[in-house]
Amino acid sequence: MSLSNAILRGVTGAFVLNSGLSKRNMPTEAAQGLQAYAATGVPAVTKMSPDTFGKFVSYSEMGIGAALLTPLVPRKVAGAALGTFSAGLLSMYFRNPDMTESDGIRPSQEGMSLAKDAFMAAIAGALLTSK
């Protein structure tokens with residue numbers, strides 16, 4: 001593993017793993033709010049119960065974070081997992097008009113929390129295309 005890939009995977013993996021760990025025991029009300037927010041980008045999540053959705057998000061983030069942090073996981077596999085995850089987050093960003101300015105691209109104040117996820121998409125791209 002190259003030093004640049006280790007840095008990309010280490011920092012991003014720790015961030016995503018920590019995010020998943022913090023959602024492990026999410027109360028139902030918090031899961032409902034997160035689910036409603038996620039449904040703006042991925043409407044199918046409304047078919048899950050809030051508690052199941054909360055666990056799904058938590059375990060998904062922990063799994064992706066662990067994959068990024070584990071050197072035995074090939075970089076393309078880890079990059080594909082991160083890319084899928086960041087695509088879901090960016091779909092919420094682009095499908096919710098409150099997240100962007102009138103041009104539909106630049107983030108509004110409300111959209112700044114999701115706009116940063118473009119960095120994860122770029123990191124996923126770097127992992128998928130680096131040698």
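The figures that follow rest on heavy atoms only: side chains count, while hydrogens, waters and symmetry mates do not. The residues of the chain are indexed from 1 along the displayed sequence.
Checking S19 against E61 by side-chain atom types alone, a donor-acceptor pair falls below 3.5 Å. Judged by distance alone, the side chains of D51 and T28 do bring a donor and an acceptor atom under 3.5 Å apart.
Of all the heavy atoms in Q35 and V45, the pair that sits closest is NE2-O, 2.7 Å. Of all non-hydrogen atoms in T40 and R95, the two that sit nearest each other are O-CB, 3.3 Å. Between L90 and A121, the shortest heavy-atom distance links the atoms CD1-CB, 3.9 Å. Annotation for G20 and S58: closest pair O-OG, 2.8 Å, computed over non-hydrogen atoms. Between P50 and A31, the shortest heavy-atom contact is O-CB, 3.2 Å.
Rounding to the nearest 0.5 angstrom, the gap separating the CD1 atom in I64 from the CE atom in M120 is 8.5 Å. Distance CG/L17 to OG1/T12: 12.0 Å, rounded to 0.5 Å. M1 CE to L8 CG: the interatomic distance, rounded to the nearest 0.5 Å, is 10.5 Å. Rounding to the nearest 0.5 Å gives a distance of 9.0 Å between NZ of K23 and CG of N18. Between R9 atom CZ and I7 atom CD1 the span is 13.0 Å, to the nearest 0.5 Å. Atoms CE and OG, from M62 and S22 in turn, are 9.5 Å apart once rounded to the nearest 0.5 Å.
A continuous path of ILVMFWY side-chain contacts below 4.5 Å connects V16 to Y37, so both sit in one hydrophobic cluster. Residues L89 and M112 do not share a hydrophobic cluster, defined by chaining ILVMFWY side chains whose heavy atoms lie under 4.5 Å apart.
The number of heavy-atom neighbours closer than 6.0 Å to CZ of F56, taken from other residues, nucleotides and ligands shown, is 12 or below. Within 6.0 Å of CZ in F119 there are 12 or fewer heavy atoms belonging to other residues, nucleotides or ligands.
Side-chain contact check for Y93 versus P107: some heavy-atom pair is nearer than 4.5 Å. For the pair T100/I105, no side-chain contact is recorded, criterion being any heavy-atom separation below 4.5 Å from C-beta on.
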| request: Evaluate side chain to side chain contact (heavy atoms under 4.5 Å, CB included) for R75 paired with S130, printing each intermediate quantity in order. | output: CA-CA 9 Å; R75 70 176 158 71; S130 64; 3.6 Å; yes
| said: Run the side chain to side chain contact (heavy atoms under 4.5 Å, CB included) test on M99 and M92 for me, step by step, so that the C-alpha distance in whole Å, both residues' side-chain angles and the decisive distance to 0.1 Å come before the verdict. | reply: CA-CA 8 Å; M99 297 289 137; M92 290 187 302; over 6 Å; no
| task | Could you give me the CA-CA distance, side-chain angles and deciding distance for S91 and V42, then say whether side chain to side chain contact (heavy atoms under 4.5 Å, CB included) is met? | result | CA-CA 7 Å; S91 72; V42 185; 3.8 Å; yes
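In this structure a side-chain-to-backbone donor-acceptor pair under 3.5 Å is missing from T70 to A67.
Evaluated for a side chain to side chain contact (heavy atoms under 4.5 Å, CB included) with I123, the options V11, L68, L82 yield exactly one hit, L82.
Scored by the side chain to side chain donor-acceptor pair (under 3.5 Å) test, T46 finds no partners at all (sequence neighbours excluded).
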